[in-house]
Amino acid sequence: MELLAPADPMRWHLIAVCAGTMALFVLVYVPGPDRRVFPGRFPLKHAGGHARESFTAIASRLGTDKVGSHSYQHFYETHLQPLRDRNIRLMEIGLGCLMSYGPGVSFQVWREFLPQAKLIYLEYDEICANEWRPKIESAGATLYTGDQSNKTLLQQIVLLEGENGLDVIIDDGGHTMQQQLTSLQVLWEIIRPGGFYVVEDLITSYSHDYGGGPPGAPSTTISYVKSLLDFLICQDADDAHQPLPFCEDKRQSLQNLLSFHCFSGLCAFFKATS
């Protein structure tokens, strides 16, 4: 019987089984770990063949709390990895001016992990933002300043960025309920079809300091996320031509919402492609 070796010969092991003076040599194939299950543990191959650092490795090396303090790598490894060599447009709310490790760390992470991306930032701290503006703009990125709960400011960003749209928005800003909800509901308009909007640090929904409260408290970001589940299920009633009175109250949710995925500490909202 002919035994065909798989593509990875390093997974074959020659094992000697001894019994007295006799030795039996057995060639055994041992499957390696599945890279899909452990996406951050393996260097990824670039199109040119050389290894590339994963998001987890880059974020750990540069010191962002997106890994370590949080476990956001599980989301970003899954959903941003396919976009690494695409000319996407990514906006992040929050430059990190109040972080203990200083501002600009996530900016460096995205520059390395998404080298082809057009980066756009919104930062509340104007003094910090202006200190970083030369570095941000010299890298071809855009920096806005102001409060993310200011609807007038957000509408100006919609006007300026709406023509080209955004593929990804990441809210790592002030984390209050008003800031998270206002930004999501206003900026959702300029997410391109097939794009997604990420809200980090959702644990603040349970903190009174940020306008949150215990589970079930109204007007929190988490309570809004739960209402979106009703919205998605109600869409099936529309498709089946079975209008339900309850579903009429859900019409003003995010338009063209396809799905949302929640991980430890964050949720991401995906827009339908059509």
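Only this structure's heavy atoms are used, side chains among them; waters, hydrogens and symmetry mates stay out.
Put simply, CD1 on Ile88 and CG on Leu114 are 5.0 Å apart, with the number rounded to the nearest 0.5 Å. Taken to the nearest 0.5 Å, the CG atom of Leu257 stands 6.5 Å off from the OG atom of Ser259. To the nearest 0.5 angstrom, Gln180 atom CD is 9.5 Å from Ile93 atom CD1. The structure places CG of Leu154 at 8.0 Å from OG of Ser149, a figure rounded to the nearest 0.5 Å. Taking CG of Leu122 as the start and OG1 of Thr145 as the end, the distance is 8.0 Å to the nearest 0.5 Å. In this structure, Gln255 CD and Phe231 CZ are separated by 5.5 Å, a value rounded to the nearest 0.5 Å.
The two residues Arg84 and Glu112 make their nearest non-hydrogen contact at NH2-O, 3.8 Å. For the pair Thr220 and Gly212, the tightest heavy-atom approach, listed with the atom from each and the gap, is CG2-CA, 3.9 Å. The two residues Pro214 and Tyr206 have their closest heavy-atom pair at C-CD2, 4.3 Å. The two residues Pro193 and Thr273 have their closest heavy-atom pair at CB-O, 3.4 Å. The minimum heavy-atom distance between Ser219 and Leu181, with the atom names listed, is O-CD1, 4.0 Å.
Using a 4.5 Å heavy-atom cutoff, the side chains of Pro103 and Lys135 are not in contact. With contacts defined as side-chain heavy-atom distances shorter than 4.5 Å, the pair Ser54/Glu77 qualifies. Counting heavy atoms from C-beta on, the side chains of His70 and Asp201 come closer than 4.5 Å. The shortest distance between side-chain heavy atoms of Tyr197 and Lys271 does not fall below 4.5 Å. Phe269 is listed as a side-chain neighbour of Leu228, based on a closest heavy-atom distance under 4.5 Å. Within the 4.5 Å cutoff, no side-chain heavy atoms of Phe260 are placed close to those of Leu254. Glu161 has its side chain out of reach of Leu187: every pair of non-hydrogen atoms, C-beta onward, lies at least 4.5 Å apart. By the 4.5 Å heavy-atom criterion applied to side chains, Gln156 and Tyr144 are not counted as neighbours.
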Walk me through whether Val199 and Cys267 qualify under side chain to side chain contact (heavy atoms under 4.5 Å, CB included). CA-CA 6 Å; Val199 183; Cys267 286; 5.6 Å; no
Residue pair Asn164, Arg89: steps toward the side chain to side chain contact (heavy atoms under 4.5 Å, CB included) verdict: CA-CA 9 Å; Asn164 294 314; Arg89 292 169 54 80; 3.5 Å; yes
Test log, rule side chain to side chain contact (heavy atoms under 4.5 Å, CB included), inputs Ile58 and Arg61: CA-CA 5 Å; Ile58 294 172; Arg61 171 168 52 81; 4.0 Å; yes
For side chain to side chain contact (heavy atoms under 4.5 Å, CB included), just list the numbers for Val105 and Gln108, CA-CA rounded to whole Å, side-chain angles, deciding distance to a tenth of an Å, and then say yes or no. CA-CA 5 Å; Val105 175; Gln108 299 293 342; 5.7 Å; no
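Not one N or O on the side chain of Lys226 forms a donor-acceptor pair closer than 3.5 Å with the backbone of Gly216. Between the side chain of Ser60 and the main chain of Ala57, no donor-acceptor pair closer than 3.5 Å is present. With hydrogens and angles disregarded, a donor-acceptor distance shorter than 3.5 Å links the side chain of Gln148 to the backbone of Gly174. For the pair Thr204 (side chain) and His175 (backbone), a donor-acceptor distance under 3.5 Å is present.
A ring-centre distance under 6.0 Å is not found for His261 and Phe196.
When hydrophobic clusters are built by joining Ile, Leu, Val, Met, Phe, Trp and Tyr residues whose side-chain heavy atoms come closer than 4.5 Å, directly or via intermediates, Tyr210 is not grouped with Val225. A single hydrophobic cluster is not seen to contain both Leu258 and Ile190; linkage of ILVMFWY side chains at heavy-atom distances under 4.5 Å, directly or through other members, places them apart. Trp132 and Leu98 sit in two unconnected hydrophobic clusters of ILVMFWY residues. Membership requires side-chain heavy atoms under 4.5 Å apart, directly or through other members. In the hydrophobic cluster analysis, where Ile, Leu, Val, Met, Phe, Trp and Tyr join through side-chain heavy atoms closer than 4.5 angstrom, Leu202 is grouped together with Leu229. In terms of hydrophobic clustering, with Ile, Leu, Val, Met, Phe, Trp and Tyr side chains grouped at heavy-atom distances under 4.5 Å, Leu184 and Ile203 are assigned to a common cluster.
Other residues, nucleotides and ligands contribute over 12 non-hydrogen atoms within 6.0 Å of the CG atom of Leu159. Counting non-hydrogen atoms of other residues, nucleotides and ligands closer than 6.0 Å to CD of Glu189 gives a total of 12 or fewer. Annotation: Phe263, atom CZ; neighbour count of heavy atoms from other residues, nucleotides and ligands within 6.0 Å is above 12. More than 12 heavy atoms of other residues, nucleotides or ligands lie within 6.0 Å of CG in Leu160, so this atom counts as buried by the packing criterion. No more than 12 heavy atoms of other residues, nucleotides or ligands lie within 6.0 Å of CD in Glu126, so this atom counts as exposed by the packing criterion.
Screening residues 114-124 for side chain to side chain donor-acceptor pair (under 3.5 Å), with sequence neighbours left out, gives Glu92-Tyr121, Ser106-Tyr121, Lys118-Thr142.
Taking a cutoff of 4.0 Å between a charged side-chain nitrogen and a carboxylate oxygen, Asp167 and Arg86 do not qualify as a salt bridge.
In this structure, Tyr72 and Tyr76 have perpendicular ring planes: the angle between them is above 60°, well past the 30° mark. Ring geometry, His79 versus Phe270: the interplanar angle falls from 30° to 60°, so the pair is classed tilted.
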